[in-house]
K.L.:
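Let me give you the structure first, and then I'll get to my questions.
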Amino acid sequence: MIVMNAEERARVYDTLLSAPGMEDAVRIDMKIPRKQLLVLNHILSLPDLSKASELLKHIDGDLFRGLKELGGAFLEKSSLVEFNAKFINVNQSG
C-alpha cells in the first residue's frame, strides 16, 4: 500500500476531478424523502465537514442507510461508481 501525505492526496484528487467529462451535467430524476434532503442539506451547509460526523452520530440508522443508498444511486445514475472507488482508495492510502 502506498502512503501519501495530504498534499499528494490533494494532487491526486485534483487530477481525478480534472478528468474528461467531470464538468458534464447529469440529470437525476428521483424521489427523495424530505428528511433525507433536510439532513443532506444541513451536512452540505456546515462550515467545517468535521462537524458532520457529530450530526451523523445523532441520526437514526434507517435515515443514515437511506442517505448512503441515495449517494449510491447518485453515483450509479452518473456512472461514477468506479470513479468513486478510486477516490476511496486514494483516501485510504493516506
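Please read these numbers as outputs of a predicted model, since none were measured by experiment.
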K.L.:
Could you give the distance from CG (Leu17) to CD (Glu23), rounded to the nearest 0.5 Å?
P.N.:
9.0 Å
K.L.:
Would you give the length of the straight line joining atom CD of Gln36 to atom CG of Leu67, rounded to the nearest 0.5 angstrom?
P.N.:
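If we round to the nearest 0.5 Å, Gln36:CD and Leu67:CG are 5.0 Å apart.
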K.L.:
Find out whether Leu37 and Asn41 are in side-chain contact, i.e. whether some heavy atom of one side chain is under 4.5 Å from a heavy atom of the other.
P.N.:
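No, side chains not in contact.
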K.L.:
With rounding to the nearest 0.5 Å, note down the distance linking NZ in Lys35 to CG in Leu38.
P.N.:
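CG of Leu38 is found 11.0 Å from NZ of Lys35.
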K.L.:
Can you list the residues that meet the side chain to side chain contact (heavy atoms under 4.5 Å, CB included) rule with Ser78, with sequence neighbours excluded?
P.N.:
Val26, Leu80
K.L.:
I'd like to check the salt bridge (Lys or Arg N to Asp or Glu O under 4.0 Å) partners of Asp24; sequence neighbours left out, ordered by chain and number.
P.N.:
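Salt bridge (Lys or Arg N to Asp or Glu O under 4.0 Å) check on Asp24 returns nothing, list empty.
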K.L.:
In Å and rounded to the nearest 0.5 Å, what is the CZ to NZ distance from Arg27 to Lys77?
P.N.:
10.5 Å
K.L.:
Taking only residues two or more places apart in sequence, or in another chain, which ones meet Ala19 in a side chain to side chain contact (heavy atoms under 4.5 Å, CB included)?
P.N.:
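Ala19: side chain to side chain contact (heavy atoms under 4.5 Å, CB included) contacts with Met22, Phe83.
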K.L.:
So how far is it from Ile32 CD1 to Leu70 CG, rounded to the nearest 0.5 Å?
P.N.:
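If we round to the nearest 0.5 Å, Ile32:CD1 and Leu70:CG are 4.5 Å apart.
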K.L.:
Got a sec, which pairs hit salt bridge (Lys or Arg N to Asp or Glu O under 4.0 Å) with one end in residues 61-75, sequence neighbours left out?
P.N.:
Asp62-Arg65
K.L.:
In chain order, what residues pass the salt bridge (Lys or Arg N to Asp or Glu O under 4.0 Å) check against Glu7, with sequence neighbours excluded?
P.N.:
Arg11
K.L.:
Assess whether atom CD of Glu8 is packed by more than 12 heavy atoms of other residues, nucleotides or ligands within 6.0 Å.
P.N.:
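Result for CD/Glu8: enclosed.
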